[in-house]
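In what follows, chains are A, B, ... by sequence order, proteins preceding strands, each numbered from 1. All values reported here derive from a predicted model rather than from experimental measurement.
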Amino acid sequence: MTMDKSFNAGAAEARISAEWESAGAFAAGANASRTESFTVMIPPPNVTGSLHIGHAFNNTLQDILVRWHRMRGFDTLWQPGQDHAGIATQMVVERQMAERQEPNRCAIGRDAFVEKIWAWKQESGGTIMNQLKRLGASCDWSRNAFTMSGAPAAPAGEEGNFHDAVIRVFVDLYNKGIIYRGKRLVNWDPHFETAISDLEVENREVPGHMWHFKYPLAGGETYEYVERDEDGNVTLRETRDYISIATTRPETMLGDGAVAVHPDDPRYAPIVGKLCEIPVGPKEHRRLIPIITDEYPDPDFGSGAVKITGAHDFNDYGVATRNGIPLYSLMDTAGAMRADGLSYADSAAIATRAAGGEDVGDVSAVNLVPEELRGLDRFEARKRVVEAITAEGLAVTDAEGAPFVENKKIMQPFGDRSNVVIEPMLTDQWFVDTKRIVQPAIDAVRDGRTQILPEQHKKVYFHWLENIEPWTISRQLWWGHQIPVWYDEDGNQYCAPTEAEAQAQAPGKTLTRDPDVLDTWFSSGLWPIGTLGWPDDTPELRKYFPTDVLVTGFDIIFFWVARMMMMQLEIVKEAPFHTVYVHGLVRDEKGAKMSKSKGNVIDPLTLIDEYGADALRMTLTSMAAMGRDPKLGPRHVEAFRNFVTKIWNASRFAEMNQVRGGGPRPAPRHTVNRWIIGETARIRMATDEALSTYRFNDAANGLYAFVWGKVCDWYVEFSKPLFDGEFAQETRETMGWVLDQCYLMLHPVMPFVTEELWSLTGDRAGLLAHGNWPEYGAELIDADADREINWVISLIEEIRSARAQMGVPAGARLDLIVTEADKPSRDALSANAPLIGRLARVNPPQDGTAGKGMISVAAQGASFALPIGDVIDAEAETARLQKSLTKAEKDADGLRKRLDNPKFVQNAEPEVIEETRGKLTALDDDTTRLRTALAQLEAMR
RNA sequence: GGGUGAUUAGCUCAGUGGUAGAGCGCUUCGUUCACAUCGAAGAUGUCAGCGGUUCAAAUCCGUUAUCACCCA
């Protein structure tokens with residue numbers, strides 16, 4: 001059989017995938033020959049997702065670790081699965097319903113909607129799994145997990161334990177008091193009408209305005225307002241009957257409960273404790289609020305006075321709760337101004353009593369939105385409020401008397417899914433009191449039970465955990481794990497795994513279940529144990545937990561990694577993995593973040609179609625330097641596609657020379673064969689060293705350089721003359737073995753082409769995916785062979801270089817005259833004459849002297865002359881030799897200077913000194929030879 | 001404002017104390033029977049600036065500049 005000229009990735013990949021699958025090659029424990037397990041949990045992609053380049057990168061690295069361990073005989077499990085992705089999935093299905101002009105979710109109701117999502121999941125949820133298979137991911141697909149498996153409405157085929165695990169954990173943490181319900185200010189997404197966690201908020205700088213308004217003092221009171229410069233000199237002194245407030249959100253003025261100033265701010269000291277008037281709302285019901293002190297206002301920012309709207313700003317919320325200021329909610333769940341509750345007049349009356357210090361109790365019915373603004377969108381209300389204040393003359397004005405409005409960049413919170421402005425809202429939500437479970441997660445990393453690589457991410461991890469805030473886990477969505485809490489008519493809570501158990505706690509009461517669902521990350525936080533069958537005590541759980549390595553991007557360290565640490569440590573009291581390898585973000589060729597709006601997104605499937613999965617994987621791996629972002633462009637992938645072709649053709653060459661793989665390691669006599677075996681041992685050690693320290697790029701680039709630079713460039717060329725004669729057989733055996741080693745070591749990075757070559761080049765007992773990873777080492781390195789072959793290589797390079805520089809026609813075969821040679825070079829020369837002759841295009845060496853029309857060439861311990869005919873350009877040859885001489889002399893001078901420095905000899909390590917001496921000797925030899933050659937050239941003129 | 005990282009060949013990047021490397025690109029040559037998705041030979045660097053530690057600095061420390069990301 002003759003091999004094709006190149007690897008047809010498109011055709012082969014599908015076929016090989018099918019072979020792996022039908023052989024169950026990736027099943028947990030496949031190819032295991034030892035008891036140690038190796039477990040990797042895939043970061044579950046969203047069930048709505050499709051494979052993007054970040055997934056390709058992330059999963060390539062995991063696959064390398066997994067395949068490497070499987071080949072080494074570990075009991076290996078790579079656990080796949082998908083995340084139900086609450087908001088994202090609900091969004092996708094709602095959008096689809098809208099496109100089909102179907103009734104919306106509210107119209108069809110919760111049960112029908114959830115059923116629709118399940119149907120969608122069963123139809124489209126497998127996309128990313130199939131795409132991962134195209135990448136070559138060797139997950140145990142038979143164990144595919146889903147974070148909603150086993151939920152009450154789950155259809156056939158979606159059975160599983162995940163729902164049980166989630167509910168079990170909720171109930172447990174509830175009973176411990178770690179999960180609680182409370183009214184707090186949370187990030188509210190007005191589009192999805194749900195609370196979201198801090199992490200789901202993206203703060204973006206957007207153009208905005210800063211308005212400056214006057215809050216008149218109550219009863220027309222006045223004070224001396226004095227501003228000073230840094231030296232204390234008075235720069236402004238005037239009598240004011242107001243306090244000046246700057247705000248980017250005028251509509252929230254309606255809910256102000258106070259004005260705060262810094263306690264050390266002398267400008268406002270005279271009026272602290274007095275009342276001022278909010279300059280909005282109907283004149284007859286203007287509200288008065290107190291001027292208080294708090295550490296929060298920055299005296300150097302704006303006017304130094306801050307309006308306090310506790311129900312719509314996180315900083316204000318802190319000030320308000322510290323100072324007993326009521327929290328007045330102004331907006332509804334869609335971000336419109338409230339239209340419910342008491343009339344404005346009644347509300348204002350209550351608020352005024354509160355401002356006077358009276359305890360007015362629950363203010364949730366108080367609606368301080370004036371009737372004419374009720375129901376308006378928050379941004380429309382802002383416009384109206386600004387207009388009204390300006391019309392009334394209470395805007396601070398500039399020198400020309402125009403209202404003073406600063407145009408400036410402001411930081412605004414956006415929902416990461418909805419892209420609408422997040423509104424801080426006062427609502428009842430469920431929280432995890434993370435402070436109570438965070439310490440073990442900190443300790444585990446601090447004492448090294450879990451290591452984070454690269455280490456710089458540890459700092460970020462610690463910083464976040466040490467300042468952790470309560471985690472908002474309730475979501476006002478329908479797709480997700482519904483909170484297992486029921487309420488009776490009096491609002492008492494009953495938390496239990498099932499309604500029946502809750503009912504048993506509340507005999508005779510009518511119970512209603514909390515409609516909210518849990519944050520998606522609450523369930524994915526249980527991924528390591530949930531996928532292995534917990535809460536049941538399964539054999540898988542015992543064997544594969546704790547897992548080994550988590551490979552992930554830095555963007556989900558907080559979302560996911562930290563929470564998995566906290567939750568696993570709280571629930572099963574063990575850290576879920578011993579290593580977290582954090583990789584970078586794949587960027588485009590210019591280093592820009594890929595985004596749809598920039599149009600620079602690179603689709604991994606397109607690259608796979610064009611160049612093959614192996615080329616893409618090899619490219620990503622070669623760029624996976626720890627702590628760095630890979631920058632990917634098609635031309636990089638092309639380079640590695642060429643590499644695939646290269647090893648393919650080396651195999652093809654072997655096949656044409658009756659080389660077969662599958663044999664044992666030979667013990668050859670020829671130097672070339674002994675040399676390449678030693679080089680193979682070197683790359684095996686380097687590859688294992690690189691992989692065990694997660695230096696994926698070193699592994700990939702090392703193998704690339706070995707296969708191309710050592711095997712193809714030299715060994716294959718050296719072997720050609722050996723296929724005739726006494727070394728033919730051992731050369732076939734050696735080449736077969738060396739290529740086998742290449743396939744084995746490259747397989748974790750390039751699984752398809754290596755599997756294909758494995759099956760084409762020998763009679764194999766099994767798949768390469770189950771091949772045995774090599775273990776030999778330095779004992780295979782033959783120092784003599786090494787020295788000899790390196791000498792031969794350098795001689796060939798010297799001759800080629802001299803020929804090219806002197807313009808000798810490439811095809812011309814020259815005589816090789818040995819003008820001087822020591823014993824080792826004479827031996828090396830005679831043993832390898834055919835190799836040198838072929839690769840340098842010279843005739844067999846003969847002794848002689850340099851003469852007219854010759855160029856001179858040197859190797860360690862030997863000098864040669866090559867007659868190139870009458871056409872020799874003596875000038876050019878002089879220049880060539882002179883150039884080499886200058887460089888050699890310069891280098892030698894540098895080394896000599898170092899060796900002459902007594903401090904160097906005194907302080908440097910002995911090996912370094914020895915090495916330097918060696919280099920100098922070699923350079924001095926070169927210099928001598930070059931001088932001789934130049935002198936001869938001169939004499940012959 | 002706080003933190004982290006980066007700055008090395010024309011481009012994209014490796015290189016954690018011993019006088020700088022790869023891929024791509026570029027120049028010249030080549031239809032030698034594995035491969036033109038190839039081969040051979042070449043050119044290209046004040047390793048961002050300044051200062052320090054050291055026998056020795058791209059590498060360690062300090063500082064400045066520029067860029068990127070994270071957090072407020």
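- When the salt bridge (charged side-chain N to carboxylate O under 4.0 Å, His left out) test is applied to A:R249, the partners found at least two apart in sequence or on another chain are A:E251, A:E423.
- With sequence neighbours excluded, the residues that form a side chain to side chain contact (heavy atoms under 4.5 Å, CB included) with A:K903 are A:N901, A:N907.
- Within the 4.0 angstrom heavy-atom criterion, base atoms lie near A:R641.
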Reading 5' to 3' and counting Watson-Crick or G-U wobble pairs with both distances under 3.5 Å, write the dot-bracket notation for RNA chain B, | for bases paired outside the strand. ((((((((.[[[[.)..(..]]]].(((((.......))))).....[[[[[..)....]]]]]))))))).
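- Following rounding to the nearest Å, A:I855 (CD1) and B:A41 (C1') show an atom-to-atom distance of 13 Å.
- For the pair A:R563 and A:F558, the NZ or CZ position fails the cation-pi test of under 6.0 Å to the six-membered ring centre and within 45 degrees of the ring normal.
- With sequence neighbours excluded, no residue forms a side chain to side chain donor-acceptor pair (under 3.5 Å) with A:D926.
- Residue A:K890 is classed as having no contact, given no heavy-atom separation below 4.0 Å to the nucleic acid.
- The aromatic ring centroids of A:Y704 and A:F640 lie less than 6.0 Å from each other.
- Taking atom CD1 on A:I557 and atom P on B:C70, their separation rounds to 13 Å, with Å as the unit.
- Remark: P of B:A40 and CZ of A:R803 are 14 Å apart, rounded to the nearest angstrom.
- In this structure, A:L185 and A:H312 approach most closely via the heavy-atom pair CD1-N, 4.3 Å.
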Would you mind building the protein contact string for nucleotides 16-24 of chain B? One character per nucleotide, 5' to 3', B for base within reach (heavy atoms under 4.0 Å), S for sugar-phosphate only, - for untouched. S-BB---SB
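- With sequence neighbours left out, the salt bridge (charged side-chain N to carboxylate O under 4.0 Å, His left out) criterion links A:R917 to no other residue.
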Quick one, A:E689 with A:T693, criterion side chain to side chain donor-acceptor pair (under 3.5 Å). Give me CA distance, side-chain angles, the key distance, then yes/no. CA-CA 6 Å; A:E689 170 67 17; A:T693 50; 4.6 Å; no
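- Scanning for side chain to side chain donor-acceptor pair (under 3.5 Å) contacts around A:Q906 gives an empty result, with sequence neighbours left out.
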Within the sub-3.5 Å range, which N or O atoms of nucleotides 29-35 of chain B have a protein N or O partner, and how far apart are they?
residue: B:A34; atom: OP1; partner: A:K720; partner atom: NZ; Å: 3.3
residue: B:A34; atom: O2'; partner: A:N649; partner atom: OD1; Å: 2.9
residue: B:A34; atom: O2'; partner: A:R652; partner atom: NH1; Å: 2.7
residue: B:A34; atom: N7; partner: A:K720; partner atom: NZ; Å: 3.4
residue: B:A34; atom: N6; partner: A:C712; partner atom: O; Å: 3.2
residue: B:A34; atom: N6; partner: A:E717; partner atom: OE2; Å: 3.1
residue: B:A34; atom: N3; partner: A:N649; partner atom: O; Å: 3.3
residue: B:A34; atom: N3; partner: A:A650; partner atom: N; Å: 3.4
residue: B:C35; atom: O4'; partner: A:N649; partner atom: OD1; Å: 3.2
residue: B:C35; atom: O2; partner: A:K646; partner atom: NZ; Å: 2.9
residue: B:C35; atom: N3; partner: A:K646; partner atom: NZ; Å: 3.1

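- Here B:A41 presents its C1' atom at 12 Å from CZ of A:R880, a figure rounded to the nearest Å.
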Could you list the protein-to-nucleotides 66-68 of chain B atom pairs, N/O on both sides, closer than 3.5 Å?
none

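- Partners of A:N657 under the side chain to side chain donor-acceptor pair (under 3.5 Å) rule, at least two apart in sequence or in another chain, do not exist in this structure.
- In terms of the side chain to side chain donor-acceptor pair (under 3.5 Å) criterion, A:R813 has no residue partners (sequence neighbours excluded).
- Note: OH (A:Y317) to C1' (B:A72) measures 19 Å, nearest angstrom.
- Partners of A:K458 by salt bridge (charged side-chain N to carboxylate O under 4.0 Å, His left out), not counting sequence neighbours, listed by chain and number: A:E455.
- Considering only heavy atoms from C-beta on, A:L899 comes within 4.5 Å of A:I913 through its side chain.
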